[in-house]
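Scroll down for the structure; my scribbles are underneath it.
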2 protein chains.
Amino acid sequence: MFSQAAKYAIKSIIYIWTQSLEDRKVGVKEIASNIGAPEAFTAKILQNLSKANFIGSVKGPNGGFYSDESHAKVTLKDVIKLIDGDHLFSGCSLGLPKCSEKNPCPLHFEVVKVRKEIDIMLTSKSLKHLAVEVIKGLTQLNQI
Amino acid sequence: MFSQAAKYAIKSIIYIWTQSLEDRKVGVKEIASNIGAPEAFTAKILQNLSKANFIGSVKGPNGGFYSDESHAKVTLKDVIKLIDGDHLFSGCSLGLPKCSEKNPCPLHFEVVKVRKEIDIMLTSKSLKHLAVEVIKGLTQLNQI
DNA sequence: TATATTTCGGATAAATAAGTCTGTTATGTT
DNA sequence: AACATAACAGACTTATTTATCCGAAATATA
C-alpha cells in the first residue's frame, strides 16, 4: 500500500512527535534506530519532510528534528502525497486513461468505496494525534 | 495499489473472458493490443496465469488463451496474490514485525477497515462476472 | 514429413525504487 | 577564531520491477 520510504516517513514523524511533546529534539541516528530504518535513507527522507515543512529542523550542535504547533495539522495523506504521489487517491486503478463515473473501468465503483475508506484512514487523525496515542500506550511504534 | 504486472493480468483475463464467452481463443498479440500493454511483457504474465490455471492455453496454430467453466471462480484476489503476493491483505502496513490486535501499530485499526473494503472489492465478483459487465456495456476495458 | 503458428522458458536489458557515501553549510561551544 | 556537531545536497550503488529477446516445444495443416 505504501512505499518503503513512505513507511519510514510516517514512523519518523510519529517518533519525532513523541519526543517533541517532551521538548526533545532528535537526530537522524536516534530516529533511524528507533524506527528500525537505515540511517542514510532516513536522513534523505527527513530532509524532504523538512523541506515540505512537515517537520522542523535545526543544524549544528544540539540541533535535530522536531515538531511544534505549526506542524500539528499534518496528516498521513499529506505525507503519502509528498513521498508516493497521489496514485493511491486518484486516477484509474487499472491505468485506463479515461476512466470516470460515466466511463467506468471494471473496478471503478468498488475502488471508489475503497478510496473513501483510505481517505478516512489518512485524514481523520493528524500525525500528532497518532503520536499521542503512542504515548498513551494505545498503539506502538517499535515492537522489538 | 496494484503493480503494473497485476493490472495487465486483470485486464488480460477480463479481455480473454469477453472473447471466450463468444467461443474465441485469443493470442498474445491481440490481448496486448486490446489492453494497451507491451506484448512481450504480457506474454510473460499470461504464462504465469496459465501455469496457475487461472486461464487455459493451447499451443500451435489456432491456439491461444481462453477461459471456461473451470476458471469461472477465479477472483481478483487470486490474481493479485499470485502476481503481487499478499502484502495488500496481510502484514503490518508500516512493516512492524509484531503488529496485531493486542500489539497494534498506529494505523492498525484503520487498516483493518480499509482491508475489509479491499477484500470486498477483490472477492465479491469473479473475473468472469466482471467480463459479463463489460459485454453488457456497464463498464469498459479499452478506452482510447 | 515439412512448415507455419503459437505458447513456453530462460536470459538479458532498461527503468525505477531503495539505500549509501562524501563533502558542504549552519551553528553552538571553547 | 577554531572546532565539533548535525542537517543539507547531490552523486553514486544496489535491488527490484518492468520490459525485451531468442530459442525450444507443441500442434494444426498441407
Side-chain angles (χ1 to χ4, degrees), chain A residues 1-13 15-16 19-20 24-33 35-67 71 80 82-85 87-88 94-95, chain B residues 1-13 15-16 19-20 24-33 35-67 71 80 82-85 87-88 94-95:
Chain A
M1 186 133 58
F2 310 132
S3 71
Q4 195 60 258
K7 293 180 196 173
Y8 293 153
I10 293 168
K11 291 193 273 190
S12 292
I13 299 183
Y15 180 74
I16 291 166
Q19 302 305 301
S20 284
R24 291 187 62 241
K25 279 199 284 291
V26 284
V28 181
K29 200 165 297 189
E30 179 181 341
I31 296 169
S33 93
I35 67 172
E39 201 176 308
F41 192 35
T42 305
K44 263 278 113 74
I45 293 164
L46 290 169
Q47 282 168 33
N48 290 332
L49 295 174
S50 172
K51 190 152 51 173
N53 264 299
F54 291 167
I55 56 179
S57 71
V58 287
K59 292 184 183 180
N62 305 317
F65 297 93
Y66 65 92
S67 291
H71 312 112
I80 299 298
L82 177 74
I83 310 269
D84 290 347
H87 70 267
L88 195 56
L94 292 179
Chain B
M1 186 135 54
F2 310 132
S3 71
Q4 195 60 260
K7 292 180 196 174
Y8 293 153
I10 293 168
K11 290 194 272 192
S12 291
I13 300 183
Y15 179 74
I16 291 166
Q19 302 306 300
S20 284
R24 290 187 63 241
K25 277 199 285 292
V26 284
V28 181
K29 200 165 298 188
E30 179 181 340
I31 297 169
S33 94
I35 67 172
E39 201 176 307
F41 192 36
T42 306
K44 264 279 113 78
I45 294 164
L46 290 169
Q47 282 168 33
N48 290 332
L49 295 174
S50 172
K51 189 151 53 172
N53 264 299
F54 292 168
I55 55 178
S57 69
V58 287
K59 292 183 183 179
N62 305 318
F65 297 93
Y66 65 92
S67 291
H71 312 112
I80 300 298
L82 178 73
I83 310 270
D84 291 346
H87 69 267
L88 195 55
L94 292 180

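In what follows, chains carry the letters A, B, and so on, assigned in the order in which the sequence lines appear, proteins first and then strands, with residues in each chain numbered from 1.
Taking a 4.0 Å limit (strictly below) on heavy-atom distances, residues 51-64 of chain A reaches DNA chain D at Ser57(A), Val58(A), Lys59(A), Gly60(A), Pro61(A), Gly64(A).
Considering all non-hydrogen atoms of both residues, Tyr15(A) and Ile35(A) come closest at CB-CG2, 4.1 Å.
Annotation: the span from Ser12(A) atom OG to Ile55(A) atom CD1 amounts to 7.5 Å, rounded to 0.5 Å. With rounding to the nearest 0.5 Å, the separation of CZ in Phe2(A) from CG in Asp84(A) is 8.5 Å. With rounding to the nearest 0.5 Å, the separation of NZ in Lys44(B) from CZ in Phe41(B) is 10.0 Å. Considering NZ of Lys7(B) and CE of Met1(B), their distance stands at 9.5 Å, rounded to 0.5 Å. Between the CG atom of Leu82(A) and the CZ atom of Phe54(A) there is a distance of 5.0 Å, given to the nearest 0.5 Å.
Within the 4.5 Å cutoff, side-chain heavy atoms of Leu46(A) are placed close to those of Ile16(A). Side-chain contact between Val28(A) and Phe65(A) is present, with heavy atoms from C-beta onward closer than 4.5 Å.
Each of Ile45(B), Ile31(B), Leu49(B) was scored for a side-chain contact (heavy atoms from CB on, under 4.5 Å) with Ile13(B), with one residue passing: Leu49(B).
Considering only side-chain N and O atoms, Ser50(B) lies nowhere under 4.0 angstrom from the phosphate OP1 or OP2 of dT7(C).
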Under 3.5 Å, which N/O atoms of the protein pair with N/O atoms of nucleotides 14-17 of chain D?
none

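The side chain of Pro38(A) lies closest to dT20(C) when the candidates are dT7(C), dC21(D), dT20(C). Checking dG19(C), dC8(D), dA19(D) against the side-chain heavy atoms of Tyr8(A) singles out dG19(C) as nearest. In the set dA7(D), dC8(C), dT20(C), the nucleotide with an atom closest to the side chain of Phe65(A) is dA7(D).
One can place CG of Asn48(A) at 13 Å from C1' of dA7(D), the figure rounded to the nearest angstrom. In this structure, Lys25(B) places its NZ atom 11 Å from P of dT6(C), rounding to the nearest Å. Rounded to an integer number of Å, the gap from Lys7(A) NZ to dA17(C) P is 15 Å. As rounded to whole Å, 11 Å separates atom C1' of dA6(D) from atom CD of Gln47(A). We find that NZ of Lys29(A) is positioned 8 Å from P of dA6(D), with the value rounded to whole Å. Across the protein-nucleic acid pair, Ile45(A) atom CD1 and dA7(D) atom C1' stand 15 Å apart, rounded to whole Å. What separates CD of Glu39(B) from C1' of dT18(D) is a distance of 16 Å, to the nearest Å. Atom OH of Tyr66(A) and atom P of dA7(D) are 13 Å apart (whole Å).
Nucleic acid contact class of Lys44(B) (heavy atoms, under 4.0 Å, all strands): base.
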